[in-house]
Amino acid sequence: MLPSVLLCARPVSTSLALTRPLAHFRPHMDPDPSRPVERTIRTKLTNSFKPDHLEVHNESHMHAVPPGSESHFRVLVVSSQFEGVSLIQRHRLVNEALKEELSNCVHALAIQAKTPEQWGSNPSLAKSPPCLGGSRGDHTMEEKLKVGRE
């Protein structure tokens, strides 16, 4: 069996799903088998929330990771199970459903968890900000590393 870190290095999809009205979209349940982490995320969210709408986007290509990685994801889950549930609790539920992936190779997970009514009034997926490249965005890193070696 491959170590979990190797399961994260797979070809990346650069296509993003378009926002669609709820009535005209059913979640795609047969994702590309070359992306096992994405497939697992999709399956677990589908089984946990029975979503009316689900989008799983691998955004690893936008970050300072090797090509083909599956480490940074954005999910949109629209489910009636979120009715009467606070936003923080919705995020906790999604994190709980994906705890195994989050403890292995998923480094970042952006979550949008909406009720069907919320999705109906605002059917959009937030955009991710550009990556600063981790320490590449920290101009004091060279000095910090020097102090760490002393």
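The analysis underlying the following values was restricted to heavy atoms, covering all of them including side chains, and did not include hydrogens, waters or symmetry mates.
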- Message: Under the side chain to side chain donor-acceptor pair (under 3.5 Å) definition, can you give me all pairs with a residue in residues 105-116, not counting sequence neighbours?
- Response: Thr115-Gln118

- Message: Test your reading of the model: is there a side-chain donor-acceptor pair from Ser79 to the backbone of Gln81, 3.5 Å cut-off?
- Response: yes

- Query: Taking all non-hydrogen atoms of both residues, which atom of Asn58 and which atom of His72 are closest, and how far apart?
  - Reply: OD1-O, 3.3 Å

- Is there a path from Leu125 to Met62 through hydrophobic residues (I, L, V, M, F, W, Y) whose side chains come within less than 4.5 Å of each other? no

- Does any non-hydrogen side-chain atom of Leu109 lie less than 4.5 Å from one of Val75? yes

- What residue pairs, at least two apart or across chains, pass ring-ring contact (aromatic ring centres under 6.0 Å, His included) with a residue in residues 73-92? Phe49-Phe82

- Item | Pairing residues for Glu100 by the side-chain contact (heavy atoms from CB on, under 4.5 Å) criterion, not counting sequence neighbours | Lys44, Asn104

- Report the residues that fulfil salt bridge (Lys or Arg N to Asp or Glu O under 4.0 Å) with Arg74, sequence neighbours left out, ordered by chain and then residue number. Glu59

- Specify the closest pair of heavy atoms between Ala113 and Leu87, including all atoms of both residues, with the distance to one decimal. O-CD1, 4.3 Å

- Query: With distance as the sole test, does Glu70 use its side chain to make a donor-acceptor pair with the main-chain N or O of Glu38 at under 3.5 Å?
  - Reply: yes

- Item | side-chain contact (heavy atoms from CB on, under 4.5 Å) partners for Ser86, two or more places apart | Ile88, Gln89

- Task: Evaluate whether atom NZ of Lys99 has more than 12 neighbouring non-hydrogen atoms of other residues, nucleotides or ligands under 6.0 angstrom away.
- Result: no

- Item | Distance in Å, Leu54 CG paired with Thr43 OG1, rounded so as to fall on 0.5 Å steps | 9.5 Å

- Message: Tell me if a side-chain donor or acceptor on Ser60 pairs with a main-chain N or O of Ser71 at a distance below 3.5 Å.
- Response: yes

- Contact summary for Leu45 and Pro51, nearest pair of heavy atoms: O-CD, 3.8 Å

- Would you indicate whether the side-chain heavy atoms of Ile111 and Asn95 approach each other to under 4.5 Å? yes

- By salt bridge (Lys or Arg N to Asp or Glu O under 4.0 Å), which residues pair with Glu83, not counting sequence neighbours? none

